[in-house]
Number of protein chains: 2
Amino acid sequence: MTDLSNGAAWMEGKIIPISEAKIGVTDWGLTRSDITYDVVHVWEGSFFRLPDYLDRFESSITKLRLDIPQSRQEITDILHDMVATSGLRSAYVSMVASRGTPIVPGTRDPRACKNHFFAWVVPFVRVIPQDVAERGAHIQLATASRRISPSSVDPTVKNYHWGDMTRALFDALDSGFDSTALLDENGHITEGPGFNIFAVIDGVVVTPKSGVLEGITRKTVLEISAELGLPCATRGISAQEFLNAEEVFTATTAGGPVAVTRVNNRILGNDAPGNTTHQVIEAYWDWHKRPELTQPINYRSFV
Amino acid sequence: MTDLSNGAAWMEGKIIPISEAKIGVTDWGLTRSDITYDVVHVWEGSFFRLPDYLDRFESSITKLRLDIPQSRQEITDILHDMVATSGLRSAYVSMVASRGTPIVPGTRDPRACKNHFFAWVVPFVRVIPQDVAERGAHIQLATASRRISPSSVDPTVKNYHWGDMTRALFDALDSGFDSTALLDENGHITEGPGFNIFAVIDGVVVTPKSGVLEGITRKTVLEISAELGLPCATRGISAQEFLNAEEVFTATTAGGPVAVTRVNNRILGNDAPGNTTHQVIEAYWDWHKRPELTQPINYRSFV
């Protein structure tokens with residue numbers, strides 16, 4: 001039997017090793033980054049909030065005017081089968097819809113392309129490694145690049161336009177930081193490479209209202225805050241406010257909420273994850289035990 | 001012998017049919033659009049200005065901090081061999097450098113990836129089809145999206161961040177136009193999907209100075225203008241100036257300079273390509289006969 005412990009993919013009806021999953025070099029998903037995706041995680045044998053991720057994926061597909069042959073139910077079945085076949089118990093699961101290539105060669109009309117869907121799964125990924133998450137991440141407010149404006153590319157459509165992120169990330173890593181947070185044209189906080197951003201300011205848990213991906217982990221953190229009775233708000237956050245926050249944390253499917261203990265040359269709290277951050281992280285992982293938020297994977301037939 | 005008339009690619013040392021040329025679905029060239037490319041054309045058996053395209057490709061690679069194993073001479077040899085093997089006499093030749101995947105799985109550090117190079121060739125491509133080029137293209141000034149700002153993604157690094165272009169192109173095509181031209185945040189003309197833009201304003205051939213790809217066809221047009229004694233300038237061009245231009249044309253490797261006869265609801269000249277545009281187009285194709293600008297391909301051994 002094929003070893004799928006490094007990951008697997010579903011392409012054109014077949015489940016294959018991740019190393020064999022490829023896309024054509026002339027596919028507009030590559031050559032125009034005309035593609036959308038979503039990432040849901042599997043934790044200890046169950047999908048977490050899969051319907052929420054599917055909602056966003058469907059919304060992204062509609063906004064990009066993509067049209068894939070698979071129904072929502074078929075996508076759900078494909079993801080379950082693929083993860084079950086891989087045997088991975090905690091995993092990062094990517095679903096992708098690409099523009100494809102023109103039906104008539106040579107045309108430059110995006111309406112005349114054969115769109116397609118594929119998916120892949122790899123062992124659980126953490127944007128911030130676990131050891132860094134425990135001490136708290138150190139992030140740099142980007143000066144190398146500004147977040148791509150929503151007037152150019154809609155950030156609520158999950159996309160691969162990461163040039164601004166990569167530029168900022170190089171600069172942050174070169175300067176000894178773990179990651180970066182980008183600002184918009186008004187100097188407001190947006191997001192970082194792979195995560196939303198939260199701050200605790202005057203006792204209120206805040207995150208940018210717009211100009212960012214509407215993360216499912218972000219949504220979960222807002223719901224957790226409400227349940228815990230923590231005041232919370234979505235609104236614009238200036239860089240200056242952010243630097244003076246009581247606490248900062250990131251939120252991503254690839255690792256959950258993660259404490260930030262340094263921003264630029266500022267040390268937050270006592271250089272250790274704050275109390276609110278701690279409560280949110282604990283609740284986030286607790287919520288993974290709630291049946292209404294999880295879908296167990298049936299590995300049975302593949303073990 | 002394999003039929004390569006639809007195109008060929010060079011990947012990992014081998015020349016293969018274009019339909020078999022693929023890259024991994026987890027390659028950061030796809031998942032972060034962390035990739036650069038360049039496109040040179042072959043016209044009637046010879047590369048046109050290949051050293052200029054290689055200069056730009058090398059510059060893009062340096063700016064993105066990519067590092068590929070192939071030297072400039074090796075890339076030149078690969079492109080010549082690939083085109084000769086394909087047998088294509090007039091072709092669109094793409095060279096690509098991608099971030100690849102991390103050497104250590106799981107890391108999110110772009111400095112720790114194995115970068116790679118590949119190339120492909122397909123029959124000559126025209127951004128504007130020949131019949132449209134002859135009557136003159138109709139373009140719409142984009143309102144659906146604004147060009148991605150240079151503070152986010154450097155437009156002088158040839159890139160696949162086309163989300164802004166695609167949004168504008170959908171809108172233009174839906175409205176019956178052939179293509180679109182995008183504006184920057186100051187309302188100045190930038191470029192369209194796959195081409196630079198020129199206007200003749202008060203008898204001067206003008207094109208945006210910055211915030212655009214420094215096209216090799218753009219450069220050629222500026223050199224042609226100088227040789228023909230046409231006044232020319234690179235400078236900012238407002239949308240209003242552009243709408244009142246005497247003539248407008250596009251410039252791209254994929255088709256050369258092409259007349260624009262309508263912009264939004266304005267009909268330029270007599271709804272026919274203008275005299276300056278005509279002179280530039282004629283000179284552009286004449287220059288393809290200049291030995292100092294061309295490199296003949298040695299198809300001999302493959303026929």
Side-chain angles (χ1 to χ4, degrees), chain A residues 6-7 9 11 18-19 21-35 37 64-65 94 96 99 105-111 118 120 122-123 125-129 145-149 151-154 157 159-167 169-170 173-174 179 185 193-194, chain B residues 6-7 9 11 18-19 21-26 28-35 37 64-65 94 96 99 105-111 118 120 122-123 125-129 145-149 151-154 157 159-167 169-170 173-174 179 182 185 193-194:
Chain A
N6 289 327
M11 297 199 93
I18 187 73
S19 59
K22 297 185 176 190
I23 157 170
V25 297
T26 62
D27 193 302
W28 291 10
L30 176 67
T31 62
R32 298 181 169 197
S33 204
D34 195 2
I35 193 163
Y37 74 114
L64 285 192
R65 293 174 60 171
S94 188
V96 191
R99 186 70 62 195
T107 179
R108 308 280 285 193
D109 189 338
R111 300 169 306 181
F118 59 93
W120 49 274
V122 293
V125 168
R126 291 176 192 275
V127 168
I128 307 287
S145 63
R146 201 172 74 186
R147 185 74 185 102
I148 292 173
S149 168
S151 14
S152 299
V153 178
D154 183 351
V157 175
N159 67 74
Y160 287 148
H161 287 62
W162 270 51
D164 53 342
M165 300 282 196
T166 301
R167 251 164 103 173
L169 188 56
F170 263 112
L173 295 171
D174 284 347
S179 195
E185 56 207 90
Chain B
N6 289 328
M11 298 200 93
I18 188 72
S19 59
K22 298 184 174 190
I23 78 164
V25 296
T26 63
W28 291 11
L30 177 67
T31 62
R32 299 180 169 199
S33 205
D34 195 3
I35 193 164
Y37 73 113
L64 284 192
R65 293 176 56 173
S94 187
V96 190
R99 186 71 62 197
T107 179
R108 307 281 286 194
D109 189 337
R111 299 169 306 181
F118 59 93
W120 48 276
V122 292
V125 168
R126 292 176 192 275
V127 168
I128 307 286
S145 63
R146 201 172 72 188
R147 185 76 184 102
I148 293 173
S149 167
S151 10
S152 299
V153 178
D154 183 350
V157 175
N159 66 74
Y160 286 148
H161 287 63
W162 270 51
D164 53 343
M165 300 282 196
T166 300
R167 251 164 103 172
L169 188 56
F170 263 112
L173 294 171
D174 283 346
S179 195
L182 280 78
E185 57 208 88

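Chain naming here is simple, since letters A, B, ... match the order of the sequence lines and numbering starts at 1 in each.
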Per-residue contact mode, A/Asn6 against chain B (heavy atom under 4.5 angstrom): neither
Reported CZ-to-CG distance for the pair B/Arg32 and A/Leu169, which is rounded to 0.5 angstrom: 6.5 Å
Interface moiety of A/Asn159 toward chain B, non-hydrogen atoms closer than 4.5 Å: neither
Best-contacting candidate, A/Ser179, A/Ser145, A/Ala21, against chain B by heavy atom pairs under 4.5 angstrom: A/Ala21
Least distance between heavy atoms, B/Phe118 atom then A/Val25 atom: CE1-CG1, 3.4 Å
For A/Val125 against B/Arg108, the heavy-atom pair lying closest together: CG1-NH1, 3.8 Å
Approximate separation, where rounding is to 0.5 Å, of B/Trp162 CH2 and A/Trp28 CH2: 8.0 Å
Side chains of B/Pro110 and A/Leu173 in contact at under 4.5 Å (non-hydrogen atoms): yes
Which of A/Val96, A/Asp27, A/Asp164, A/Ile128 touches chain B most, by non-hydrogen pairs under 4.5 Å: A/Asp164
Most chain B-contacting option - heavy-atom pairs closer than 4.5 Å, from A/Arg147, A/Met11, A/Arg167: A/Arg167
Closest non-hydrogen atom pair, A/Phe170 against B/Arg99: CE1-NH2, 3.4 Å
From CD1 (B/Ile23) to CG (A/Leu30), nearest 0.5 Å: 4.5 Å
Sidechain-backbone polar pair: B/Ser152 side chain, A/Arg146 backbone, donor-acceptor under 3.5 Å: yes
Steps toward side chain to side chain contact (heavy atoms under 4.5 Å, CB included) verdict (A/His161, B/Val153): CA-CA 9 Å; A/His161 287 62; B/Val153 178; over 6 Å; no
Greatest number of heavy atom pairs closer than 4.5 Å to chain B - which of A/Thr166, A/Ile148, A/Thr31: A/Thr31
